[in-house]
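Order of the sequence lines sets the chain letters (A, B, ...), proteins ahead of strands, with each chain counted from 1.
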Amino acid sequence: MFIQRGYIDASGHPRFKITVHGPTGDGEFDALIDTGFTGFLLLPELAASRLGMVSVTTMPFTMANGAEEPFRVLIGNVEIFPNEPLSGIVALGGFACPLIGMALLRKAKKALFLDSTTVALVNEDELKRFVGSSGAEP
Amino acid sequence: MPNLTMLNEVFADPAKLAEAGERLYQERFQHEYEPDHKGEFLAIDVIRGVATLAKEPEEALGQAQAANPNGLFHLLRIGSAGACSTGFLLSNVHSTRLH
């Protein structure tokens with residue numbers, strides 16, 4: 001089973017190293033996994049501009065308080081497993097570090113393993129052999 | 001050619017572009033797409049007033065940008081207020097605030 005290990009930061013959040021490929025360069029980041037975020041990836045605006053990533057597109061997000069807010073977005077290329085590039089919608093904004101959303105894990109077909117001291121991503125198909133698959137809640 | 005005034009406004013405040021895209025959606029595309037394409041994605045070129053439909057957001061935006069590399073776009077999920085939802089980690093983030 002191929003495993004990508006992350007780490008638990010001082011605040012208790014699971015983090016993984018990712019590489020974002022931009023038009024003018026690549027950037028490595030320690031990104032947080034946010035299971036409440038249904039999108040692909042959120043990237044700090046300043047980091048994106050350093051990689052030459054410029055957006056001329058907006059997309060509405062539903063915030064945790066129910067409010068709707070437009071974010072600048074673009075199509076970005078990201079690696080969370082080495083040599084497994086993924087393309088998806090990257091949102092830009094004024095936050096401190098990148099956030100990995102559930103759409104990225106779904107697209108990568110990775111499952112999140114988390115206990116009190118360990119965080120890892122494993123191939124979804126392999127994990128299903130152990131825990132079985134279940135559908136969405138009715 | 002893109003509308004340069006709008007292009008400047010987009011860099012300053014994405015809400016301007018989003019408002020233009022939402023207005024176009026309600027006036028021209030909602031009636032056409034909402035009955036049969038709920039959950040799919042629409043990239044609206046607010047300069048040309050045309051829309052590109054696809055199952056995935058990057059697919060809709062990629063096709064729309066290929067059709068008009070100079071376009072300004074609003075990407076939305078048909079039948080949903082927000083194309084995606086954020087968790088509480090983003091509670092204090094504002095998309096138009098530059099740091």
Gln65(B) portion near chain A, given a 4.5 angstrom heavy-atom threshold: side chain
Beyond-backbone contact of Thr57(A) with Leu72(B), side-chain heavy atoms, under 4.5 angstrom: no
Shortest non-hydrogen separation from Pro60(A) to His74(B) and the atoms involved: CD-CE1, 3.6 Å
Interatomic spacing from CZ in Phe73(B) to CG in Leu74(A) - rounded to 0.5 Å: 12.5 Å
Same apolar cluster (I L V M F W Y, side chains within < 4.5 Å links), Phe113(A)/Leu32(A): no
Nearest heavy-atom neighbours spanning Glu58(B) and Ser87(A): OE2-O, 3.8 Å
Which atom of Met59(A) lies closest to which atom of Leu75(B), heavy atoms considered: CG-O, 3.2 Å
Cluster link Leu41(A) to Leu112(A), ILVMFWY, side chain under 4.5 Å: yes
Closest approach of Pro14(B) to Pro70(A) (non-hydrogen atoms, all atoms of both residues): CG-O, 4.2 Å
Chain A contact via Glu22(B) - side chain, backbone, both or neither, heavy atoms under 4.5 Å: side chain
Side-chain donor/acceptor of Ser85(B) to backbone N/O of Thr38(A), under 3.5 Å: no
Same cluster (ILVMFWY, side-chain, under 4.5 Å), Val50(B) and Ile47(B): no
Leu114(A) with Ile80(A), same ILVMFWY side-chain cluster at under 4.5 Å: yes
